[in-house]
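Convention: sequence-line order gives letters A, B, ...; per-chain numbering from 1. Predicted, not measured: the structure shown is a model, and the values here were computed from it.
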There are 2 protein chains.
Amino acid sequence: MIIGVDLGATKILSGIVAKDGAIVKRVKQPTIKERSPKDIVNRIVMAINDLLKDKSLEAHKIEKIVVAAPGPLSYPDGVIYDTPNLKWGYFPLKEELEKRLQKEVQVEHDATTAALGEYFFGQKKQYKHLLYMTVSSGIGGGIIIDGKPYRGINGGAGEFGHMVVEPKGRICGCGRHGCLEACASGTAIAVKAKKLIENGEGLGIKTYKKEKANITAYEVGLAARNGDPEAINLINETAYYLGSGTSNIINIFNPEIFILGGGVIFGLEDLLLESISKYVHNNVYALHRKNLVIKASELGEDIGLLGCAAMALEQ
Amino acid sequence: MIIGVDLGATKILSGIVAKDGAIVKRVKQPTIKERSPKDIVNRIVMAINDLLKDKSLEAHKIEKIVVAAPGPLSYPDGVIYDTPNLKWGYFPLKEELEKRLQKEVQVEHDATTAALGEYFFGQKKQYKHLLYMTVSSGIGGGIIIDGKPYRGINGGAGEFGHMVVEPKGRICGCGRHGCLEACASGTAIAVKAKKLIENGEGLGIKTYKKEKANITAYEVGLAARNGDPEAINLINETAYYLGSGTSNIINIFNPEIFILGGGVIFGLEDLLLESISKYVHNNVYALHRKNLVIKASELGEDIGLLGCAAMALEQ
């Protein structure tokens, strides 16, 4: 058994996972952006301590604690560097967690962890070169080469979201203009929809906005499914950027399989996946599309926890 | 000893290379684009047969024949697929060479071969995650991960030139618009200079054009060094695209070292390298630029032949 924690921009998902990928226990808490890193560490420590006392563990030993966190995150020392989606500067996450828990903690990049989860438990080690791209508040990537996570020299590999797809596009959290994340993440869709509404446009999208809530990609999806042309336009633009970015990555890696995940894909799969796939097939080289599989993960939001188990198994 | 052949868009360089990287013999022939694949195969076969009879080989055994060719090129079967820079469609290069020579031939992607040459003989295996980008008629890439060439599932990995950096840019040989190759290769620089001159502009560049010759990146470089503002503008635009593409790749791979090579870099290093390096340092994440080395290869045009030797050693 392992304890896994998936620290995301909107939620912290922690749980107990068996080596076969069975999730024995799962706890979900919101991540509040305004909270300091120390507050978030407190939450993670409390969650882990609760899980360590869980009665489902009575007959079992916890062999590892694995925490997956957003990048850029160094490896193996687990330091967060200017992560745009948590708005944290330099923060030694692994060191803080270990000090508080008095236990060893393996800290891993979230999308790389998810990619390994998909490799082990989604695709059952069928494809040795697997890429995973998560589209949610941000856009991240995980790289599996020859069945192993590729982390780069400092742990920074996989920043698929920080590839410029529109040189004059929106400014990105990383400081560049027109990164894939700035053009096609859930946050980007929401910002564009909000701007339309502020300009007195996007009335079809506004219909779905709940009174005190912010507009999100979810409402844009609802409007698009109901034929609203402005929402369809936003979705098509998103699919174009995701298709273009994915094509770049496929020309570079020539993977066997490219898996998409994250809240935007899970929520808008019916609107996005076919267009992305078609775009890629029309734009990459014949050699690169030969036998290429593009699909959405079937692991849903558990992908991070399963990835933590896979990371523990892999070492 | 090995026989290596580096098949490029403008030249075929063949030679005899010792295991320590000493080039014992070197023969250079032009590649003529209008020639058919069969004609080029004839040239390669003749060159290899001449080298096999070379008297410097009397006391030595040829252990391998390695041919490096432009991508997309499948591995291990060595089939060329729609290679834009040779304008060849599907062509089974390895099969044809082996049939003609009645010997085993290892056919490898040129930029991957050069990257391994740089890893072995340029950087002396000092950096385990090394990327190489060649900027010449086209733009290609080679990926070394953990000291091994990464080829992707079909041999197609490393197409750094076929990443879109300007969505509304020039059409590329691969069919997409605004690929790095279409915006910043030697061919792209020449096309842009030619267009200026056709429009009655670019007089400073035109000064350096030899009467019956086509304008190339070389003349643009001469004009830029002499302060011609249009040439400087073209060079700056090239450096911007190369810097932006390189930044994308560094955010994705987090390599230890990024090596630039190819005719455009070797010829215009004084004009391009510092700008590219500065752009990258200002645009990638702090984690990714930590200890990052960016430099031009010192192996010159021998990088391909040395790569052939490295490929033979690696197997």
Side-chain angles (χ1 to χ4, degrees), chain A residues 71-75 79-84 90 127-129 141 143 145-146 148 150-167 169 174-176 178-180 240-241 244-245 247-257 282-288 290-292, chain B residues 71-75 79-84 90 127-129 141 143 145-146 148 150-167 169 174-176 178-180 240-241 244-245 247-257 282-288 290-292:
Chain A
L73 172 78
S74 70
Y75 181 87
V79 176
I80 282 184
Y81 278 77
D82 304 321
T83 299
Y90 179 96
Y127 301 97
K128 65 176 189 165
H129 297 325
I143 301 164
I145 287 181
D146 253 332
K148 299 207 164 295
Y150 171 71
R151 299 181 179 94
I153 193 65
N154 304 319
E159 294 293 347
F160 297 166
H162 300 286
M163 165 174 62
V164 171
V165 292
E166 190 63 81
C174 79
R176 298 178 83 186
C179 283
L180 184 58
Y240 157 72
Y241 286 125
S244 180
S247 300
N248 295 344
I249 295 165
I250 287 171
N251 276 340
I252 290 173
F253 282 94
N254 184 208
E256 276 179 285
I257 185 164
N282 288 336
N283 282 277
V284 302
Y285 275 114
L287 181 65
H288 295 69
K290 198 179 149 190
N291 313 321
L292 173 68
Chain B
L73 172 79
S74 70
Y75 181 87
V79 176
I80 283 183
Y81 278 77
D82 304 320
T83 299
Y90 178 96
Y127 301 97
K128 65 176 188 164
H129 297 324
I143 301 165
I145 287 181
D146 252 332
K148 298 207 165 295
Y150 172 71
R151 299 181 178 94
I153 193 65
N154 302 320
E159 293 294 346
F160 297 167
H162 301 285
M163 165 174 63
V164 171
V165 292
E166 190 63 81
C174 79
R176 299 178 82 186
C179 283
L180 184 57
Y240 157 72
Y241 286 125
S244 180
S247 301
N248 295 343
I249 295 165
I250 287 172
N251 276 340
I252 290 173
F253 281 95
N254 184 208
E256 277 180 284
I257 185 165
N282 289 336
N283 281 277
V284 302
Y285 274 114
L287 181 66
H288 295 68
K290 198 179 150 190
N291 313 322
L292 173 70

Colleague: What are the two closest non-hydrogen atoms of A/Leu287 and B/Ser74, and how far apart are they?
Modeller: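 So the minimum-distance heavy-atom pair works out to CD1-CB, 3.7 Å.
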
Colleague: How long is the straight-line distance from CD of B/Glu159 back to OH of A/Tyr285, given to the nearest 0.5 Å?
Modeller: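 Result: 5.5 Å between the selected atoms.
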
Colleague: Quick one: sort the A/His129 and B/Tyr150 rings into parallel, tilted or perpendicular, breaks at 30° and 60°.
Modeller: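 Geometry flag for B/Tyr150 against A/His129: perpendicular rings.
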
Colleague: Between A/Val164 and chain B, which part of the residue has a heavy atom less than 4.5 Å away: side chain, backbone, both or neither?
Modeller: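 It is both, since atoms from each part get that close.
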
Colleague: For A/Ile252, is it the side chain, the backbone, both or neither that has a heavy atom under 4.5 Å from a heavy atom of chain B?
Modeller: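 Both parts, backbone and side chain.
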
Colleague: Would you please test A/Tyr81 and B/His288 for ring-ring contact (aromatic ring centres under 6.0 Å, His included) and show each step?
Modeller: CA-CA 10 Å; A/Tyr81 278 77; B/His288 295 68; 9.2 Å; no

Colleague: For A/Pro72, is it the side chain, the backbone, both, or neither that has a heavy atom closer than 4.5 Å to a heavy atom of chain B?
Modeller: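 Both the backbone and the side chain of A/Pro72 come within 4.5 Å of chain B.
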
Colleague: B/Asn248 and A/Arg176: side-chain donor and acceptor closer than 3.5 Å?
Modeller: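 A donor-acceptor contact under 3.5 Å links the two side chains.
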
Colleague: Give the member of A/Asn282, A/Ile143, A/Leu292, A/Asn251 that has the highest number of heavy-atom pairs under 4.5 Å with chain B.
Modeller: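 Of the options given, most contacts go to A/Asn251.
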
Colleague: Relative to chain B, which segment of A/Phe253 carries a heavy atom at a distance below 4.5 Å: side chain, backbone, both, or neither?
Modeller: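 Contact with chain B involves both backbone and side-chain atoms of A/Phe253.
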
Colleague: Heavy-atom pairs under 4.5 Å with chain B: which of A/Gly141, A/Gly175, A/Ala286, A/Ser247 has the most?
Modeller: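 Sorted descending by pairs with chain B, the first entry is A/Ser247.
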
Colleague: Can you tell me which of A/Ser244, A/Gly178, A/Gly161 forms the most heavy-atom pairs within a distance under 4.5 Å of chain B?
Modeller: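 Of the options given, most contacts go to A/Ser244.
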
Colleague: Counting only non-hydrogen atoms closer than 4.5 Å, does B/Tyr240 touch chain A with its backbone (N, CA, C, O), its side chain (CB onward), both, or neither?
Modeller: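 B/Tyr240 touches chain A through side-chain heavy atoms alone.
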
Colleague: For chain B, find which of A/Lys128, A/Arg151, A/Lys290 contributes the most heavy-atom pairs closer than 4.5 angstrom.
Modeller: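 Ranked by contacts with chain B, first place is A/Lys290.
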
Colleague: Select one option (side chain, backbone, both, neither) describing which atoms of A/Leu180 are under 4.5 Å from chain B's heavy atoms.
Modeller: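 Neither part.
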
Colleague: Which value, rounded to the nearest 0.5 Å, describes the distance between B/Ile153 atom CD1 and A/Ile145 atom CD1?
Modeller: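 B/Ile153 atom CD1 to A/Ile145 atom CD1 measures 11.5 Å (nearest 0.5 Å).
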
Colleague: What distance do A/Asn154 atom CG and B/Asn291 atom CG have between them, rounded to the nearest 0.5 Å?
Modeller: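 One finds 6.0 Å between CG of A/Asn154 and CG of B/Asn291.
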
